[in-house]
Structures are given as C-alpha cells and as structure tokens.
Amino acid sequence: MRKAQTTWEKRVLKSLNSMCTELNIPLARKRPIDEQKELLSKWNEMGTEEPDLSLFRPVYAPKDFLEVLINLRNPNYDNGELVSFRSQLGLIQVPLNIKDIPELREFFQELNLNTGQLGVDDCTQVPPELFENEHMRIGKKVLAEDDSAAAQQFVRQGCPTSLRAELWALILNISNQAEDILYYEQLKSNVIQHDLLSDNLIYKDVKLTANNDDYYFVFEDYLYQVLLCFSRDTSVLAHFAYNSASPPKSYIRGKLGLEEYAVVYPPNGVIPFHGFSMYVAPLCFLYNEPSKLYQIFREMYVRYFFRLHSISSHISGILSLCLLFESLLQTHLPQLFYHLREIGAQPLRISFKWMVRAFSGYLATDQLLLLWDRILGYDSLEILAVLAAAVFAFRAVNLMEVTSLAAAEAVLADISTLKVIPLLQIFLYAAVS
C-alpha cells in the first residue's frame, strides 16, 4: 500500500513540476507591494478576476486515481488458493476486511425502518409533531449541554436545518475563539504576501466545478478564500501522522536533492485535484463567517476527506469503500453486476467519482447535508459505498436494459432528485434479504 502511495505521489509531483517547467512559472514567489494591495482590496470579490488559466490543467482527476487502485495487487496473496470466483469479477483485487449487510445493519442501526429519521418523516403523512418537534427539542437540549458525544449520537437521525451548523461545530470541537480568528487572518496575510503555483490549480478547479453548479456558483469568493488559506496552513501537516500519504517536497533553487533545503509544497502538504473545491462548497450553506467556515472544512478534511484520495487499508479509505461497493452489488444484485461487467460498464467506473467527492455536486444540497450528518454521526465514510450501491439498486431495472458504458452512465447521469435516507433504508433493510 505504502509503495503504491509513494509511486502515485511521485507521479502527481512530476505532473506539477512539468507544468511549472512548461509554463516557466515558479512554484512560489513573493508578490510585489502593489499586487498585495490589489489582492487585499479584492479579497471579498476574487471571483470578478478573470486570470488566464487556459494553460493550467488539473494535476489529476479521480479517474486517474481509480486506475492506480485497479492495478493494486497483494504480493503475499496466492490467486490460486482459496480465492472465490466473486472476488475476480470486480475491479478491486486487494483483499481487505469489509462489512457485509448484517454487519452494516448492526453498525447503522439507527437507520432501521422503525427509527424516526429526518429526511424521511417529513415526506410522509405522519404529523410532524410526532417526530420532528421532539427531535428539535432534544437537539436544543444537546446544544445547551455542550455535549459533543451526545451531538454525534443525535445527528445519526439527521439534523434539523436550523441546528445543523451548531451541532456540526460541536461534534468537530470548533468554537471559533479570538485566537482562531487571528490564526485565519495570519493565513490570509500569507496568501496576500506570496503567490503559489498551486493557487492557479485552486482557481482552475473552482472555475471548472463549483462555478458550473447551480447550487454552489454563488459561493465562488468563499471557496477561493478558504482554499487559498488552507494551502498555507502548516497545521494540516499533523494529519500525515495517521495518513498513508507523505507531504510533497520541493527544493530551494539550486539545492535539488539536499534534504536540509527541502520544503513542503504546498505548505499544507495537499496538492488540490480536479473536484477538490467540492469538499468545501456544501459547507458554505451552513457558515457565512469565513474563519468558522475555514475551521469546519479543515477539521472535516483531516478527519475524513483525506481518506478519499490516499491509498490505505483503512476501513473508511477509498480502497475499502470501492471494495465494499463492489461486494454489496455482487452479493445482492449479482445479475445486474454481471450484466454491467459483460457490456464493459464496470459499476465502479461510474460510482467512483461520487464516492471520491463524498457525493458533493451530485446530490441536491439538502440531501447531501443529510448524508454528511451520518458521516459525522457514525464517524465513518462507509455510508458512501452503501449509498452508491443503493443508487444502482434503485435504477437496476433501467440498468439491466443498457448495452454500453455510455448508456449506463446516461441512466445515472443525474442523481440530484434522489432522496438519500429512504434509499439507504430500503437497500439495507427492505430490498436485501
């Protein structure tokens, strides 16, 4: 795993360095005073700037990363020995310990059909006071008691919209004190003073993704502010202690290869890829104060999102999620899985982009926030794989009729009308025997 991760990092760094060489742009430079003043004056309206980004390209896209995961093999694993036929059908060939349906039901027990859920009950004929009012009352009590563990348990049944921002902050232990605001201002001043090549990757990504999204284009300025500050935040480096990845390094000009002249680049150790800004976009609906929005995103990233673009055997790592997704489909929708495989439309090639972005940009925002409630509530990303499988189950009849990858992608091109919680419940408790 570590070897594959290292090889992947070298490839990403090579892509960044070749862009740097081709465009003859330094990785970092100090801005002239005039440029600093101009950027400061336009800090809240950076979206009005139209820099020429035509020559910049994303360092990588999710589909490039998927190819790396598909090619992973365990050298200690004898393919001829005790290997089930099923394990050879999927794209992921690394044997990892993942949950089956009974274990998922046990883990996500609050999602069972007899437990009240926000995202379901408000669509039924049940009088809202039977569940919603009581849930709201408990939510206010949890906030009043400032109990992080109770908040985590509470959000497993969904957050009332008016309490979500405060409950998430409580779970993530974000209080936005004076020193936190000051720290954010320091990051902002670092952005003002220095221009990084990676800034262009952030601009390009926001233009290509959030700007083209009906829900998120209005938050363009927020996204620039948060992501530019994030790239300068060296406190993010602490998460590499439990991340299989290593922060990329650059060398001071003329000192290539000399470790004492090596610096982490970008300073937070995270090179943005195509779609990275979509981790921030949904949070803009909850927080309008930049320093708090920033802290929430940073904590979400170092707890969860980094696992979606690094190679590891962690249960919430992207590799395990891919394996869980394929396993659920093979076990419970074998005809569909075999049909799609036979026509060259491996399901993972369609669902991977959903999981790598935690469904951001694919679901309607209210549904996405209900899904992220559960990520925080269960402290796990496994629900992403379950939802991906549930979407295939929901569209199974249509998918059985397609004859190509393009046709299968067309059936699943728009999932923004789906209701997340009923889908999960039906898949876990009703449809699967």
Whether S404 side chain and A407 backbone form a donor-acceptor pair below 3.5 Å: yes
Presence of salt bridge, E22 and R57, under 4.0 angstrom: yes
Side-chain donor-acceptor contact under 3.5 Å, Q295 with N176: yes
Pair F427 + F392: ring centers closer than 6.0 Å: no
Exam field: side chain Q5 to backbone I311, donor-acceptor pair closer than 3.5 Å: yes
CG (N71) with more than 12 external heavy atoms under 6.0 Å: yes
Any side-chain heavy-atom pair of V68 and R11 under 4.5 Å: yes
Heavy-atom check, side chain of D366 versus side chain of L370, under 4.5 Å: no
Polar side-chain atom of N212 near backbone of L208 as donor-acceptor pair, under 3.5 Å: yes
Check: D221/W43 side-chain N/O donor and acceptor closer than 3.5 Å: no
Main-chain N/O of V236 paired with H239 side-chain donor or acceptor, under 3.5 Å: yes
Nearest-0.5 Å distance, CG of residue L363 to CG of residue L423: 9.0 Å
Residue pair Y378 / Q109: nearest heavy atoms and the distance that separates them: OH-N, 4.3 Å
Heavy-atom pair with the smallest gap, counting every atom of A388 and S351: CB-CB, 4.1 Å
Verdict with reasoning, S327 to I98, per side-chain contact (heavy atoms from CB on, under 4.5 Å): CA-CA 9 Å; S327 167; I98 51 170; 3.6 Å; yes
L40 side chain near K188 side chain, heavy-atom distance below 4.5 Å: yes
Minimum side-chain heavy-atom gap R395-L418 below 4.5 Å: yes
Derivation of the side-chain contact (heavy atoms from CB on, under 4.5 Å) call for M1 and L96: CA-CA 12 Å; M1 291 284 187; L96 294 173; 3.9 Å; yes
Reported CZ-to-CG distance for the pair R164 and L376, which is rounded to 0.5 angstrom: 10.0 Å
Distance flag, aromatic centroids of H135 and F154, threshold under 6.0 Å: yes
N44 side, atom CG; K42 side, atom NZ - distance, nearest 0.5 Å: 13.0 Å
Six-ring centre of Y265, K249 cation under 6.0 angstrom, axis tolerance 45°: no
W354 and L412, any side-chain heavy atoms less than 4.5 Å apart: yes
T331 side chain vs L328 backbone, donor-acceptor pair below 3.5 Å: no
CG on L39 to CD1 on I192, rounded to 0.5 Å: 4.0 Å
Check against side-chain hydrogen bond (donor to acceptor under 3.5 Å, both in side chains), R374 and Q117: CA-CA 11 Å; R374 274 68 180 188; Q117 302 286 338; 2.6 Å; yes
Rounded distance (nearest 0.5 Å) linking atom CZ of F276 with atom CZ of R357: 12.5 Å
Verdict with supporting geometry, T209 and S277, side-chain hydrogen bond (donor to acceptor under 3.5 Å, both in side chains): CA-CA 8 Å; T209 55; S277 58; 3.0 Å; yes
Counterpart residues, ring-ring contact (aromatic ring centres under 6.0 Å, His included), relative to Y222 (two or more places apart): none
Any donor-acceptor N/O pair, Y429 side chain to R105 backbone, under 3.5 Å: yes
Heavy-atom side-chain contact between M355 and L348 under 4.5 Å: yes
Intermediate values then yes/no, side-chain hydrogen bond (donor to acceptor under 3.5 Å, both in side chains), T365 and Q367: CA-CA 5 Å; T365 305; Q367 297 300 307; over 6 Å; no
Aromatic ring proximity, centroids under 6.0 angstrom, Y279 and Y304: no
Check: R29 main-chain N/O paired with H194 side-chain donor or acceptor under 3.5 Å: no
A165 versus L286, closest heavy-atom pair with distance: CB-O, 3.6 Å
Shortest non-hydrogen separation from A358 to L368 and the atoms involved: O-CD1, 3.3 Å
CD1-CD distance between I92 and Q346, expressed to the nearest 0.5 angstrom: 9.5 Å
Test item: W168 and C159 side chains (from C-beta on) under 4.5 Å apart, heavy atoms: yes
Close side-chain approach of R31 and Q193, heavy atoms under 4.5 Å: no
Pair E67 + R349: basic N to acidic O under 4.0 Å: yes
Verdict with reasoning, L104 to L324, per side-chain contact (heavy atoms from CB on, under 4.5 Å): CA-CA 10 Å; L104 288 168; L324 177 58; 4.2 Å; yes
Exceeds 12 heavy-atom contacts within 6.0 angstrom, atom CD of Q335: no
I426 vs F394, side-chain contact (heavy atoms from CB on, under 4.5 Å): CA-CA, chis, key distance, verdict: CA-CA 9 Å; I426 290 166; F394 182 68; over 6 Å; no
N/O donor-acceptor pair under 3.5 Å between D233 side chain and N268 backbone: no
Expected output: side-chain S320 to main-chain S316 donor-acceptor under 3.5 Å: no
Ring centers of Y60, H274 separated by less than 6.0 Å: no
Minimum-distance pair of heavy atoms, taken over all atoms of L223 and A210: CD1-CB, 3.3 Å
Between T7 and E9: side-chain donor-acceptor atoms closer than 3.5 Å: no
Near-ring test W8/F65, centroid separation under 6.0 angstrom: yes
Exceeds 12 heavy-atom contacts within 6.0 angstrom, atom CZ of R2: no
Sub-6.0 Å ring centroid separation between F325 and F352: no
Residue pair R303 / R307: nearest heavy atoms and the distance that separates them: O-NE, 4.1 Å
Test of ring centre spacing under 6.0 Å for W372 and F305: yes
Flag, side chain of R232 to backbone of P267, donor-acceptor distance under 3.5 Å: no
